[in-house]
Amino acid sequence: MEVQFLIDTINAEFYTGVPDSQLKALCNFLMDQYGIDSKHHIIAANEGNATALAAGYYLATKKVPVVYMQNSGEGNIINPVASLLNDKVYAIPVIFIIGWRGEPDEYDEPQHLFQGKVTLQLLEDMDIETFVIEKKTTKEELDFVMDNFRKFLEQGKSVAFVVKKGGLEYNNKIKYKNNNVMTREEIIQHVLTVSKEDPIISTTGKASRELFEIREMNHQTHQYDFLTVGSMGHSSSIALGIALHKPETKVWCIDGDGAVLMHMGAMAVIGAAAPSNMVHLIVNNSSHETVGGMPTVADKMDLVMIAKACGYPYAIKVDSLEKLDQELQIIKDKKELCMIEVMCAIGARENLGRPTITTQENKKCFMEYLAKK
């Protein structure tokens, strides 16, 4: 169904959330309609952040806000939904729009399978009334459901539209771009020439997919890499856990700006621990590229200064392959925690594949390799 139908039916004035490929039609519509307009639309750091923003909007205006997300973000909203929004606490109504990855009987990536299975159950457990939108959903059905939803909203309860694959359509084409020149795949290739047999922990999305394919093209083993296919924002913490317990081994984390923003408190913990054998490489294209390219706020931040303030003894920013190569050589031999921010263009190969090994195989191979270090 056309996303305009959903927008008209909800009739809200404020939207916030984290982009999702399943909700690309909605995200593109909001960018087309509002861009990043703090009065009407904010792309949040994580889904809990969006829920709290929505609560603030309601407190200021008495109007019901909308929070959008992929179903993987349900975990991030459990606390604010249960201890802030709930009608037995502050009774703050919110309309959630949730992309349903891993829905039963639909093929999806492994990180979505269990989350997809429990999506509706989690919403029920949080006392959120739910309606599933699919391709055949009509405007009349939405109107009927929304009339029913308003009764719950008036009681200070929240409601949710869960969107199946292809459930929303928007025909306007939105192109996301920046002025950076390096591609992420080039960046990863250059990192591998220096990291060699060092273990690498890569963030969710295209970074892990590209790392896997580069190893394949180079006829290299995958034992060096842990592909964090889910749990966005946590790859740096995984890398920290490994670095602290393998102190003689150089550990590299290939991260993304969206992932860093999602759980940025991890940088403070990393900086405080300051493992001398860890490299935190942040590929910054200021976008949620894997789910469509919608912007993050990373282009308005100084990640180098943030890293230094968190306790990273060495932090640097590069914007060319020449500078990247220079810094990689310096960092390779440093005996201290390092952060390198690499400015990256938006875009990836259209024929980019996905890992052909299972997550369990990846874990087993990686752990066996670490055991030898």
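Source: prediction; values computed, not measured.
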Joint hydrophobic cluster, Phe226 plus Ile254, side-chain heavy atoms closer than 4.5 Å: no

Nearest heavy-atom contact between Ile331 and Lys250 is O-NZ, 3.0 Å

Just wondering, do Thr16 and Pro65 contact through their side chains at under 4.5 Å, heavy atoms? no

As an exercise, state the distance from NZ of Lys24 to CG of Leu26, rounded to the nearest 0.5 Å. 13.0 Å

Identify the heavy atoms of Thr228 and Ser235 that sit nearest to each other, and give their distance. OG1-CB, 3.8 Å

Which is it for Asn171 and Glu2 under the side chain to side chain contact (heavy atoms under 4.5 Å, CB included) test, yes or no, and what are the steps along the way? CA-CA 9 Å; Asn171 294 324; Glu2 288 290 334; 3.7 Å; yes

Residue from Phe5, Tyr68, Phe149, Phe96 passing ring pair (Phe, Tyr, Trp, His ring centres under 6.0 Å) with Phe161: Phe149

Atom of Met278, atom of Ala243 and distance for their closest heavy-atom approach: CB-CB, 4.0 Å

Of all the heavy-atom pairs spanning Glu289 and Lys206, show the shortest one and how long it is. OE2-NZ, 3.6 Å

Evaluate the criterion salt bridge (charged side-chain N to carboxylate O under 4.0 Å, His left out) for residue pair Lys372 and Glu368; output intermediate values, then yes/no. CA-CA 7 Å; Lys372 302 173 187 175; Glu368 287 174 350; over 6 Å; no

Answer yes when Asp198 and Lys332 have at least one side-chain N-carboxylate O distance shorter than 4.0 Å, and no when they do not. yes

I'd like to know if the side chain of Asp125 pairs up with that of Gln121 as donor and acceptor (distance under 3.5 Å, no hydrogens or angles considered). yes

Electrostatic pair Arg209-Glu213, nearest N-O below 4.0 angstrom: no

Val304 to Ile316 - nearest heavy-atom pair and separation: CG2-C, 3.6 Å

Determine the interplanar angle of the Tyr170 and Phe29 rings, folded into 0 to 90°, and report it as parallel if under 30°, tilted if 30 to 60°, perpendicular if over 60°. perpendicular

Testing the basics here: between Arg184 and Gly347, what is the closest heavy-atom pair and its distance to 0.1 Å? NH2-O, 4.0 Å

